[in-house]
Amino acid sequence: ENVVIPSIIEKKDDNTVKWSVTNLSYWKNSNKVKLTLPNTITSISWSNVNALQSINIPDNSSFSSFNLESIVCNIDELIIPTSTNSITPYSGTSSYGQRFIAAFNVVAENASYSSVGDVLFSKDGKTLVCYPYRKSGVAYTLPVGVTSIGNGAFYDNDNIETVILPVGITSIGNSAFCNCGALYRCVLPASIISIGDSAFYSGSTNTRNKLAKIGVFSTLTSLTTVGSYAFRNCIISSDDNTFTLSGKLETIGTYAFYNAFANNSKTTVVFPASLGVKSATETANSEVYLNNYAFNCGVIRSLMTEPRNSS
């Protein structure tokens with residue numbers, strides 16, 4: 001069923017009295033409908049809106065920027081208009097929004113965003129902005145050409161089990177896969193340069209990210225930065241309980257690998273010979289800066305030469 005809300009409503013029996021429709025304050029319908037809103041709408045009271053088959057967001061300045069966290073009703077298809085130039089999947093206050101969306105559909109005229117296979121991307125297709133929580137399937141392969149995963153893109157998605165990253169991807173944003181409790185396989189390609197804060201973090205040890213397959217970390221020949229809490233409370237496993245770091249790392253954040261291994265007490269973390277220790281003011285690429293509590297593994301084995309600054 002298609003429902004189009006008009007921009008002007010006339011008073012019954014007196015068409016000289018008219019009201020402009022500026023706010024969708026209440027929508028309760030027993031049937032899912034395709035809802036089209038007029039451009040006069042400037043606000044939506046999402047808490048009073050129930051499930052929709054689709055909603056066409058108004059094409060006006062009031063919706064040039066919006067936060068998906070405000071959405072609290074199931075939407076099978078969220079249609080993004082031309083005027084929208086800023087969308088925030090997750091800002092850190094809740095996981096509402098993307099948990100309720102099954103598909104994004106960006107109009108072709110939008111200059112900032114695009115959609116491919118129901119997933120929200122930047123206009124040039126290089127950044128995955130948001131993966132909808134209710135999208136069907138437990139595996140997803142990013143399109144070739146994607147170079148970054150945005151902040152909170154898969155946040156709190158406990159459905160996804162496998163994500164295949166293309167060669168050429170260089171960055172994974174803050175909280176990109178945070179609290180993805182079912183995520184088992186996400187092999188990192190050698191092109192990765194930075195992994196953001198809390199990128200794979202699990203907030204509870206009871207629902208740890210089951211990230212058993214991330215590839216061989218030592219082969220990440222471009223990786224320079226692992227953010228704070230990046231892999232905390234994951235379940236990274238290896239055949240021999242040995243985890244060798246990338247030789248080009250410059251910064252490992254606070255709690256980056258804390259409680260990150262399937263068997264923390266028996267895991268050996270190996271620092272290859274190409275790494276060293278530097279102070280916060282040094283910039284030599286051959287050295288690495290470790291923040292507090294980066295690891296809590298059983299053994300740290302260093303193959304590095306004597307560091308210049310060890311105090």
Has Tyr113 got a side-chain atom pairing as donor or acceptor with Ile87's backbone, closer than 3.5 angstrom?
yes
Same apolar cluster: Leu24 and Ile79, side chain cutoff 4.5 Å
no
Donor-acceptor pair, side chain of Asn291 and main chain of Ile252, under 3.5 angstrom
yes
For atom NZ of Lys28, decide whether the heavy atoms of other residues, nucleotides or ligands shown that lie under 6.0 angstrom number more than 12.
yes
Taking Asp197 for its side chain and Gly227 for its backbone only, find out whether a donor-acceptor pair lies under 3.5 Å.
no
To the nearest 0.5 Å, what is the distance between CG on Leu249 and OG1 on Thr224?
7.5 Å
Side-chain heavy atoms under 4.5 angstrom apart, residues restricted to Ile, Leu, Val, Met, Phe, Trp, Tyr: same cluster for Ile71 and Ile5?
yes
Any luck finding a side-chain donor-acceptor pair between Glu10 and Asn15 under 3.5 Å?
no
More than 12 foreign heavy atoms under 6.0 Å from CZ of Phe66: is that the case here?
yes
Would you say Val163 and Phe154 make side-chain contact, with heavy atoms under 4.5 Å?
yes
Taking the side chain as every heavy atom from C-beta outward, state whether Val129 and Pro89 have any atom pair closer than 4.5 Å.
yes
Taking atom types as modelled, find out whether Asn292 and Thr254 have a side-chain donor-acceptor pair closer than 3.5 angstrom.
no
Does any non-hydrogen side-chain atom of Tyr133 lie less than 4.5 Å from one of Ile101?
no
Ser83 backbone acceptor or donor facing Asp59 side chain under 3.5 Å:
yes
Under 6.0 Å from the NZ atom of Lys135, do we count more than 12 heavy atoms belonging to anything else shown?
yes
Student check: side-chain heavy atoms of Ile172 and Leu165 closer than 4.5 Å
yes
Distance, nearest 0.5 Å, that separates SG of Cys130 from CG of Leu128
8.0 Å
Parallel, tilted or perpendicular: which one describes the rings of Phe217 and Phe257, with boundaries at 30° and 60°?
perpendicular
Side chains of Leu245 and Val226: does their closest heavy-atom pair fall under 4.5 Å?
no
Is Val107 reachable from Leu37 through a run of I, L, V, M, F, W or Y residues, each pair having side-chain heavy atoms under 4.5 Å apart?
no
ring-ring contact (aromatic ring centres under 6.0 Å, His included) with Tyr131: of Tyr140, Phe121, Phe104, only one passes, and it is Tyr140
Distance from Leu35 atom CG to Leu52 atom CG, nearest 0.5 Å?
5.5 Å
hydrophobic_cluster_shared for Leu78 and Val33, side chain cutoff 4.5 Å
yes
Is any side-chain heavy atom of Thr36 closer than 4.5 Å to one of Lys34?
no
Spell out, as yes or no, whether a donor-acceptor pair under 3.5 Å connects the side chain of Asn296 to the backbone of Asn259.
yes
Side-chain touch Cys186/Phe177, heavy atoms, less than 4.5 angstrom:
yes
Give a yes or no on whether the backbone of Ile169 and the side-chain of Ser191 come within a donor-acceptor separation of less than 3.5 Å.
yes
Is it true that, when you exclude Lys123 itself, more than 12 heavy atoms of the residues, nucleotides or ligands shown sit nearer than 6.0 Å to its NZ?
yes
Side-chain donor-acceptor contact under 3.5 Å, Thr127 with Ser148
yes
Please tell me whether Ile164 and Val138 are part of a single hydrophobic cluster in this structure, the criterion being side-chain heavy atoms less than 4.5 Å apart.
no
Give the intermediate values and the outcome of side chain to side chain contact (heavy atoms under 4.5 Å, CB included) for residues Leu142 and Ile149.
CA-CA 10 Å; Leu142 276 71; Ile149 298 176; 3.9 Å; yes
Look at the side chain of Asn233 and the backbone N and O of Tyr201, then say whether any donor-acceptor pair between them is shorter than 3.5 Å.
no
Using side-chain hydrogen bond (donor to acceptor under 3.5 Å, both in side chains), reason through Asn85 and Ser64 one step at a time and then give a plain yes or no.
CA-CA 5 Å; Asn85 56 36; Ser64 63; 4.5 Å; no
Where the side chain of Asn151 meets the backbone of Gly173, is there a donor-acceptor pair that is under 3.5 Å apart?
no
Any sub-3.5 Å donor-acceptor pair from Lys32's side-chain atoms to Asn74's backbone N or O?
no
Just by distance, do the side chain of Asn50 and the backbone of Asn29 share a donor-acceptor pair under 3.5 Å?
yes
Are any of the side-chain heavy atoms of Lys248 and Leu220 separated by less than 4.5 Å?
no
